[in-house]
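Only heavy atoms go into these numbers, but all of them, side chains included; no hydrogens, no water, no symmetry mates. Since we're looking at a predicted model, the values are computed, not measured.
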Amino acid sequence: MVVFFDPGQMTARLDLEAPQAVPDGQGGATVSFDVVASLWARIEPVSFLVTEEAASERGTISHRIWVKFREDITAGQRFRKGTRVFVVKLARDPDETRRYLVCQCEEETR
């Protein structure tokens, strides 16, 4: 089944960031993120979960983020929009036509 989607709904400008592990000299690594690309996307909030952690509340918002098809988007990368960060949990081609990717992402709030 072909998914019909208006690309004009991609109104959010996001940076795609990939993790880079830098050795810390003690056998471990420090992870930083480097910008891989800037792209247009559609962000759809899906759900919200509030949890309590160390006497404070933390919220996790899940989103569907639609982008034009790219082969280099994988779980563990993230999208950034200003100070907002969306961690990619899953990326899939909804109709296997290589036109779009739908990324299941989580945004943490404090």
Asks: Just how far is it from atom CZ of Arg92 to atom SG of Cys103, taken to the nearest 0.5 Å?
Replies: 9.5 Å
Asks: Distance check, rounded to the nearest 0.5 Å: Glu52 atom CD versus Arg58 atom CZ?
Replies: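 With rounding to 0.5 Å, CD (Glu52) is 12.5 Å from CZ (Arg58).
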Asks: If you link ILVMFWY side chains whenever their heavy atoms are less than 4.5 Å apart, which other residues fall into the same cluster as Ile61? By chain and number, please.
Replies: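 Taking Ile, Leu, Val, Met, Phe, Trp and Tyr as members, Ile61 shares its hydrophobic cluster with Phe48, Val50.
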Asks: Hey, what else clusters with Phe79 if you join Ile, Leu, Val, Met, Phe, Trp, Tyr whenever side-chain heavy atoms sit under 4.5 Å?
Replies: Leu14, Leu16, Val36, Leu39, Ile43, Ile65, Val67, Phe69, Ile73, Phe86, Val88, Leu101
Asks: Quick one, Arg64 with Gln104, criterion side chain to side chain contact (heavy atoms under 4.5 Å, CB included). Give me CA distance, side-chain angles, the key distance, then yes/no.
Replies: CA-CA 5 Å; Arg64 262 190 304 267; Gln104 301 300 126; 3.2 Å; yes
Asks: For His63 and Pro45, which heavy atoms make the closest approach, and how far apart are they?
Replies: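 Reported closest heavy-atom pair: ND1-CA, 3.5 Å.
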Asks: Could you list the residues that satisfy side chain to side chain contact (heavy atoms under 4.5 Å, CB included) with Glu17, not counting sequence neighbours?
Replies: Phe33, Val35, Arg78, Arg80
Asks: So how far is it from Arg84 CZ to Cys105 SG, rounded to the nearest 0.5 Å?
Replies: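 Here the interatomic distance stands at 11.0 Å.
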Asks: Indicate yes or no: at least one non-hydrogen side-chain atom of Ser38 is less than 4.5 angstrom from one of Arg13.
Replies: yes
Asks: Taking Glu44 for its side chain and Trp66 for its backbone only, find out whether a donor-acceptor pair lies under 3.5 Å.
Replies: no
Asks: For residues Pro7 and Trp40, determine if any side-chain heavy atom of one lies less than 4.5 Å from a side-chain heavy atom of the other.
Replies: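 The answer is no, as the side chains (C-beta and beyond) never meet within the 4.5 Å cut-off.
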Asks: Taking all atoms of both residues into account, what is the closest heavy-atom pair of Asp95 and Thr97, and its distance?
Replies: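 Shortest heavy-atom separation between Asp95 and Thr97 comes out as OD1-OG1, 2.6 Å.
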Asks: Apply side chain to side chain contact (heavy atoms under 4.5 Å, CB included) to residues Arg42 and Tyr100 and explain how you reach the verdict.
Replies: CA-CA 11 Å; Arg42 175 183 179 192; Tyr100 303 107; over 6 Å; no
Asks: If we only count heavy atoms from C-beta on, is the Val22 to Asp24 side-chain gap below 4.5 Å?
Replies: no
Asks: If you define the side chain from C-beta out and look only at heavy atoms, does anything of Lys81 sit under 4.5 Å from Glu107?
Replies: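 Of all side-chain heavy-atom pairs linking Glu107 with Lys81, none is under 4.5 Å.
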Asks: Do you know the tightest heavy-atom contact between Pro23 and Ala21?
Replies: CD-O, 4.0 Å
